[in-house]
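Letters A, B, ... are given to chains in the order of the sequence lines, protein chains preceding strands, and every chain is numbered from 1.
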2 protein chains.
Amino acid sequence: MAKKKKDLRRENIIEIAAQLFKQKGFSGTSMRDLAEQVGMDAATMYHYISSKDEILKTICFGIATTYITQLGEIESSDSSYIEKLKALVRLHLHLMTTKGAEVSVANNDWKYLSPEALQEFKDLRSHYEKRFASLIEEGIQAGELQEVNRSVALFTLLSAVRWVELWWKPNRGITLEELENTILTILFNGLEKKQP
Amino acid sequence: MAKKKKDLRRENIIEIAAQLFKQKGFSGTSMRDLAEQVGMDAATMYHYISSKDEILKTICFGIATTYITQLGEIESSDSSYIEKLKALVRLHLHLMTTKGAEVSVANNDWKYLSPEALQEFKDLRSHYEKRFASLIEEGIQAGELQEVNRSVALFTLLSAVRWVELWWKPNRGITLEELENTILTILFNGLEKKQP
DNA sequence: GTCTATATCGTGATAGAC
DNA sequence: GTCTATCACGATATAGAC
């Protein structure tokens, strides 16, 4: 069955909400601000969504489950640990360039989730990080990666790409592929030039 | 002349404010929350500070000028470009481990600055980034760094260390020196193990 | 210097007419 | 479905007693 008009409207509201939350923060965005951007009265929005909290929850968990689903596919692929880790970095870049606003909200405004949702979200993130860290651990064991502190490697990889969410616009004079290759070169081969 | 009692009290308020802003965000923190942590009534705080905005401004510009001052010292030092860039990364790590709350606020809550302050802050940051980018450019020209997109290198370096502000606690089982060395190894030599 | 009391405004959310 | 009107609350900030 096709999506109902009401569902589409709801998705539109959430999409615009993500952009505003990214711009002004969750607490800094009022339902009146949002209504204005959507083009309806604040009261009318409550016909499509049940609360401001619910919007935040939808955005954050949408991103979290996307990451975890894709991680599963990467884990079960038939490639080296280096290739799996590179695929993960590419996944982050891909999501930041296609769903920048939602990723930004999930990265920065998750702390405003209601207590139960907050706990569940933290659990999901911690679960994701553990599986990410396992790939690093196994990569080191297999001799593909340098012997470095696992946590430092994990968070450096996760963090190194986060600026892209703020910086990326379609016309930056660089393709997504070039962007990916440059970042992967820095992280896996290093910025320093090897002596010939 | 020694600092007055009133100034010390003011600094204490701002320090606690930075911790709360980091935890709950600028908009998510009320003057009543802050007053409670400081241990006085909200109205009394206004004897020491003039507004919530002023607190934010003090924090953000304090961090910005610290970064720029230290950048100046690094630029004028007598070392290779690689060493200068490594010193900059160390500077970021040092500030995040000694002034984590303030750095977090300057990184995440600067968007709540009042319009004039906002513009000035953006200008300072852009000025800092330009000088940072120059070191990368010159490092590439000198053949010390790989030929990569300058902006990507700049923001990857800046971003790669930002998780430390959230993660660092004195007892993580890793010294600041180990942390620095690991991050610098990843960024400048790469995570991938070189074939012998 | 520190408090109580309060002015004024913006917030999330709802009731109910149409 | 969409609006107007409104409620209950919490926000920043100030006035003024002590």
- Between the main-chain N or O of B:E75 and the side-chain N or O of B:K84, is there a donor-acceptor pair closer than 3.5 Å?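 Yes; judged by distance alone, with no hydrogens or angles, the pair exists.
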- Message: Main chain of A:N107, side chain of A:W110: is a donor-acceptor contact present, judged purely on distance under 3.5 Å?
- Response: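 Between the backbone of A:N107 and the side chain of A:W110 there is a qualifying donor-acceptor contact (under 3.5 Å).
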What's the closest nucleotide to the [X] side chain, out of [options]?
| X | options | answer |
| --- | --- | --- |
| B:S30 | D:dT4, D:dA11, C:dT2 | D:dA11 |
| A:K52 | C:dG1, C:dA13, C:dA15 | C:dA13 |
| B:K6 | C:dG12, D:dC3, C:dG1 | C:dG1 |
| A:H47 | D:dG1, C:dC3, C:dG12 | D:dG1 |
| B:S51 | D:dA13, C:dC3, D:dC3 | D:dA13 |

OP1 or OP2 of [N] less than 4.0 angstrom from a side-chain nitrogen or oxygen of [X], does that happen here?
| X | N | result |
| --- | --- | --- |
| B:Y48 | C:dG1 | no |
| B:T44 | C:dC3 | yes |
| B:R32 | D:dG10 | no |
| B:Y46 | D:dA15 | no |

- Message: Over all strands shown, is B:T29 touching base, sugar-phosphate only, or nothing at heavy-atom distances under 4.0 angstrom?
- Response: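 The answer is sugar-phosphate, as B:T29 gets under 4.0 Å only of primed atoms, P, OP1 or OP2.
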- Message: Distance to the ring centre below 6.0 angstrom and angle to the axis at most 45 degrees; does that hold for B:K52 and B:Y112?
- Response: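 Judged by the rule (NZ or CZ under 6.0 Å from the ring centre, within 45° of its axis), B:K52 is not positioned above B:Y112.
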Nearest whole angstrom, please: distance from the [atom2] of [N] to the [atom1] of [X].
| X | N | atom1 | atom2 | result |
| --- | --- | --- | --- | --- |
| B:F26 | D:dA11 | CZ | P | 13 Å |
| B:D53 | D:dA11 | CG | P | 16 Å |
| A:M31 | C:dT14 | CE | P | 10 Å |
| A:M45 | D:dG1 | CE | P | 17 Å |
| B:Y112 | D:dA11 | OH | P | 15 Å |
| A:D41 | C:dA13 | CG | C1' | 12 Å |
| B:L56 | D:dT12 | CG | C1' | 15 Å |
| A:K24 | C:dG10 | NZ | P | 13 Å |

- Should B:R10 and B:E54 count as an ion pair when the cut-off is N to O under 4.0 Å?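 Yes.
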- Message: Which is more 5' along DNA chain C, the nucleotide nearest B:K5 or the one nearest A:G28? Just name the residue.
- Response: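 The residue closer to the strand's 5' end, by nearest nucleotide, is B:K5.
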- Message: Please tell me whether A:H94 and A:R90 have a donor and an acceptor in their side chains that are separated by less than 3.5 angstrom.
- Response: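 Not at all, the side chains of A:H94 and A:R90 share no donor-acceptor pair under 3.5 Å.
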